[in-house]
Participant: 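Sharing a structure with you now.
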Amino acid sequence: IDTLNVGPFYGLSLGEFSSGGRIAVECSPLLVAEIDTKGSFGKIDGRFPHWVTPYEGERFSLIYYVTSGSVEPQTTAIFAPPPDVA
């Protein structure tokens, strides 16, 4: 859990990997969602428990997050995919 984050983060994974490597997020005690960030950004609230699922190969992550400013309320663990940018 990213306790210093003040809101959701954007994550992107790159590399030559397969068989997983998604960001798993506990949406509730009985529901875990897996977000595929391979080659595209996903928006996740890191203040919920989260981890990377097992994978094979080499994987790199770029995570963009904010740790100062106004705190956004925790409303949901995952968000709809960001719109395509033309």
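Reckoned from all heavy atoms, side chains included, excluding hydrogens, waters and symmetry mates. The first residue of the sequence shown is numbered 1, and numbering continues consecutively from there.
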Participant: Using every non-hydrogen atom in the two residues, find where Val32 and Ala24 come nearest and quote the distance to one decimal.
Facilitator: CG1-CB, 3.9 Å
Participant: When rounded to the nearest 0.5 angstrom, what is the spacing between CZ in Phe79 and CD1 in Ile44?
Facilitator: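 Taking CZ in Phe79 and CD1 in Ile44, the distance rounds to 9.0 Å.
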Participant: Quick one: CD on Glu16 to CZ on Arg59, what's the gap to the nearest 0.5 Å?
Facilitator: 13.5 Å
Participant: Are Leu4 and Tyr65 connected in a single hydrophobic cluster, I mean Ile/Leu/Val/Met/Phe/Trp/Tyr linked by side-chain heavy atoms less than 4.5 Å apart?
Facilitator: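 No, no single cluster joins them.
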Participant: Between Arg47 and Asp45, does any NZ, NE, NH1 or NH2 come within less than 4.0 Å of an OD or OE carboxylate oxygen?
Facilitator: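 Salt bridge between Asp45 and Arg47, a charged N being under 4.0 Å from a carboxylate O: yes.
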Participant: Going from CD1 on Ile23 to CH2 on Trp51, what distance comes out if it is rounded to the nearest 0.5 angstrom?
Facilitator: 11.5 Å
Participant: Answer yes or no: does atom CZ of Phe17 have more than 12 heavy-atom neighbours from other residues, nucleotides or ligands under 6.0 Å?
Facilitator: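 Yes, enclosed.
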Participant: Which heavy-atom pair separates Phe48 from Cys27 by the least distance, and what is that distance?
Facilitator: CE2-O, 4.4 Å
Participant: Give the ring-plane orientation class for Phe41 versus Tyr10, where under 30° counts as parallel, over 60° as perpendicular and anything between as tilted.
Facilitator: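 Perpendicular: the ring planes of Phe41 and Tyr10 meet at over 60°.
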Participant: Do Ser13 and Ser61 have side-chain atoms, one donor and one acceptor, less than 3.5 Å apart?
Facilitator: no
Participant: Heavy atoms only: give me the nearest His50-Ile1 pair and the separation to one decimal.
Facilitator: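 The answer is CE1-CA, 4.4 Å.
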Participant: Within this structure, what is the NZ-OG1 distance for the pair Lys43 and Thr76, rounded to the nearest 0.5 Å?
Facilitator: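 Going from NZ on Lys43 over to OG1 on Thr76, the span is 10.0 Å.
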Participant: Side-chain contact, heavy-atom cut-off 4.5 Å: Thr53 with Glu34?
Facilitator: yes
Participant: Hey, what do you get for OG1 (Thr37) to CD1 (Ile35), rounding to the nearest 0.5 Å?
Facilitator: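 Interatomic distance, Thr37 OG1 to Ile35 CD1, rounded to 0.5 Å: 9.0 Å.
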Participant: What pair of heavy atoms forms the shortest contact from Val6 to Gly69, and how long is it?
Facilitator: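 The pair with the smallest heavy-atom distance is CG1-O, 4.2 Å.
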Participant: Could you go through Asn5 and Thr67, starting from their C-alpha distance and side-chain angles, then the distance that decides it, and tell me whether this counts as side-chain contact (heavy atoms from CB on, under 4.5 Å)?
Facilitator: CA-CA 5 Å; Asn5 289 12; Thr67 58; 4.0 Å; yes
Participant: Quick one: are Leu14 and Leu62 in side-chain contact, heavy atoms under 4.5 Å?
Facilitator: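 In short, these two side chains touch, coming nearer than 4.5 Å.
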Participant: Any idea which heavy atoms bring Gly21 and Tyr55 closest together, and the distance?
Facilitator: N-CB, 3.5 Å
Participant: For a quick test of reading the model, state the closest non-hydrogen atom pair linking Asp36 to Ser40 and the distance between them.
Facilitator: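 Shortest heavy-atom separation between Asp36 and Ser40 comes out as O-OG, 4.0 Å.
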